[in-house]
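Not measured: the values here are computed from a predicted model.
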Amino acid sequence: ANLFIIDQDINNSTNSAFEGPLSSLTSGFCQVLNREHPEIRGVCLHYDEGEKVGARLVDDLFISHNEFSLLIAGHFVYIPRLKKAEIKLSQENGFDDSGFYVITGGLGGLGLKTAEVLVELGIKHLSLIGRHLPNSETMAKIEQWKQQGIQVDIGTLDVADLDNAKMYFEKLNNKKSIKGIVHCAGILEDVLIEKLEWSSVENVFASKVKGTIVLNAIIEKLNLSLN
């Protein structure tokens, strides 16, 4: 059986096309579906926002291919492929150590690892945000940084809560200007598709997606000048 998922969320330019946030989400779903249920062939058809899908959809459904995702723009059909990128590293790290760098989810594993990297790069002011107070092991790490002269501010809040997040960011920015934000907050609720409930989707999206929206609103509201 075939399951087709249609969306209009790609950006295309000459000889290339890129998935938008919605297209990336549906592509991920198709990949998981194909692995968990090989008896079902999940295929995503991603169109440009201005494409008249209804006029061409039937023909596109019968394109012969073995892909899980097609990006369709005008007369062109693209397939996703990884491409090796060449990155030139700058001699300067680009960070401004005169202000705070905020890490949401900063009291968890990924957030703490990010904080360690920032400290190694010379950052002197960290804000670690988490929904719960840090455990003893995390506090020991924070005390170690403080002994090295690192200023560490701990914020206990849900980054998806606009009012509380805005209040915290305002107070922090008044202490010392905020120079950067790393959004590491996230909830992991792995489950097979057939057992997936909407409540799990909401929980996962709250911190990562709604949290991103909240952070963007705060950046605009406080007119933060991030580097």
Side-chain angles (χ1 to χ4, degrees), residues 9 11 18-22 24-25 85 87-189 201-227:
D9 184 39
N11 302 306
F18 304 93
E19 293 181 349
L22 177 60
S24 297
L25 182 66
I87 301 175
K88 295 182 179 180
L89 298 178
S90 172
Q91 296 298 321
E92 300 181 1
N93 63 37
F95 291 102
D96 183 349
D97 63 1
S98 67
F100 275 107
Y101 281 82
V102 181
I103 305 175
T104 68
L107 301 175
L110 179 60
L112 280 176
K113 194 64 181 177
T114 302
E116 289 179 1
V117 173
L118 292 180
V119 169
E120 291 175 359
L121 291 172
I123 299 304
K124 300 298 183 183
H125 312 280
L126 289 175
S127 164
L128 306 180
I129 295 178
R131 291 179 300 153
H132 307 290
L133 291 172
N135 58 32
S136 57
E137 184 178 350
T138 300
M139 278 305 303
K141 173 64 71 174
I142 292 173
E143 289 301 323
Q144 180 183 344
W145 287 334
K146 288 182 177 180
Q147 292 175 10
Q148 297 174 13
I150 310 299
Q151 180 183 4
V152 182
D153 192 280
I154 298 175
T156 307
L157 62 120
D158 185 349
V159 73
D161 185 331
L162 176 59
D163 292 335
N164 285 335
K166 179 174 175 291
M167 187 181 305
Y168 174 78
F169 273 79
E170 284 179 338
K171 290 181 179 179
L172 186 70
N173 198 51
N174 287 334
K175 291 181 183 178
K176 196 175 290 288
S177 60
I178 297 173
K179 297 299 183 180
I181 301 172
V182 184
H183 188 29
C184 294
I187 297 176
L188 186 63
E189 288 195 22
V201 177
E202 288 181 324
N203 289 339
V204 172
F205 273 41
S207 58
K208 188 57 69 179
V209 179
K210 187 177 179 182
T212 301
I213 295 172
V214 166
L215 290 173
N216 187 64
I218 290 174
I219 291 171
E220 292 182 354
K221 184 70 175 179
L222 301 183
N223 194 27
L224 299 180
S225 178
L226 306 181
N227 68 327

Q) Is atom NZ of Lys146 surrounded by more than 12 heavy atoms (other residues, nucleotides or ligands) closer than 6.0 Å? A) yes
Between the main-chain N or O of Asp153 and the side-chain N or O of His125, is there a donor-acceptor pair closer than 3.5 Å?
no
Interatomic distance, CG@Leu215 vs CD1@Ile181, rounded to 0.5 Å, equals 5.5 Å
Report task. Look only at the side chain of Asn174 and the backbone of Glu170, and say whether a donor-acceptor pair between them is shorter than 3.5 Å. Result -> yes
Which of Val214, Leu157, Ile218, Asn164 passes side-chain contact (heavy atoms from CB on, under 4.5 Å) with Phe169? Answer is Ile218
Note: Leu128 and Ala115 closest approach over all heavy atoms is CD2-CB, 4.1 Å
Audit row: Tyr168, Lys171, side-chain contact (heavy atoms from CB on, under 4.5 Å) steps and yes/no: CA-CA 5 Å; Tyr168 174 78; Lys171 290 181 179 179; 5.8 Å; no
Rounding to 0.5 Å, atoms CD (Gln144) and CD (Gln147) come to a distance of 7.5 Å
Here the gap from Ile150 atom CD1 to Asp97 atom CG, rounded to the nearest 0.5 Å, amounts to 9.5 Å
Rounded to the nearest 0.5 angstrom, the CD1-CD distance for Ile142 and Glu137 is 11.5 Å
Separation between CZ (Phe95) and CG (Leu121), nearest 0.5 Å, reads 5.5 Å
Check your understanding: For Asp96, does its backbone N or O pair with a side-chain atom of Tyr101 as donor and acceptor, under 3.5 Å?
Key -> yes
Check this for me: does any side-chain nitrogen of one of Lys141 and Glu116 sit under 4.0 Å from a carboxylate oxygen of the other? yes
Heavy-atom nearest pair, Ser207 first then Val159, reads O-CG1, 4.0 Å
dist Ile103:CD1 -> Leu118:CG (nearest 0.5 Å) comes out at 5.0 Å
Here the pair of heavy atoms bringing Pro134 nearest to Met139 is CG-SD, 3.4 Å
Short question: side chain of Ser177, backbone of Asn173 - any donor-acceptor pair under 3.5 Å?
no
- Any chance you could lay out the side-chain contact (heavy atoms from CB on, under 4.5 Å) test for Asn135 and Thr138, step after step, and finish with the verdict? CA-CA 5 Å; Asn135 58 32; Thr138 300; 2.9 Å; yes
Could you tell me if the side chain of His132 sits less than 4.5 Å from the side chain of Leu107, heavy atoms only?
no
For Lys210, does the NZ atom sit with more than 12 other heavy atoms under 6.0 Å from it, leaving out its own atoms?
no
Original post:
For Ala185, does its backbone N or O pair with a side-chain atom of Lys208 as donor and acceptor, under 3.5 Å?
Top reply: yes
Next item on the list: Could you give me the CA-CA distance, side-chain angles and deciding distance for Lys179 and Ile123, then say whether side-chain contact (heavy atoms from CB on, under 4.5 Å) is met?
Entry: CA-CA 10 Å; Lys179 297 299 183 180; Ile123 299 304; over 6 Å; no
Closest non-hydrogen contact found for Arg131 with Asp158 is CG-CA, 4.0 Å
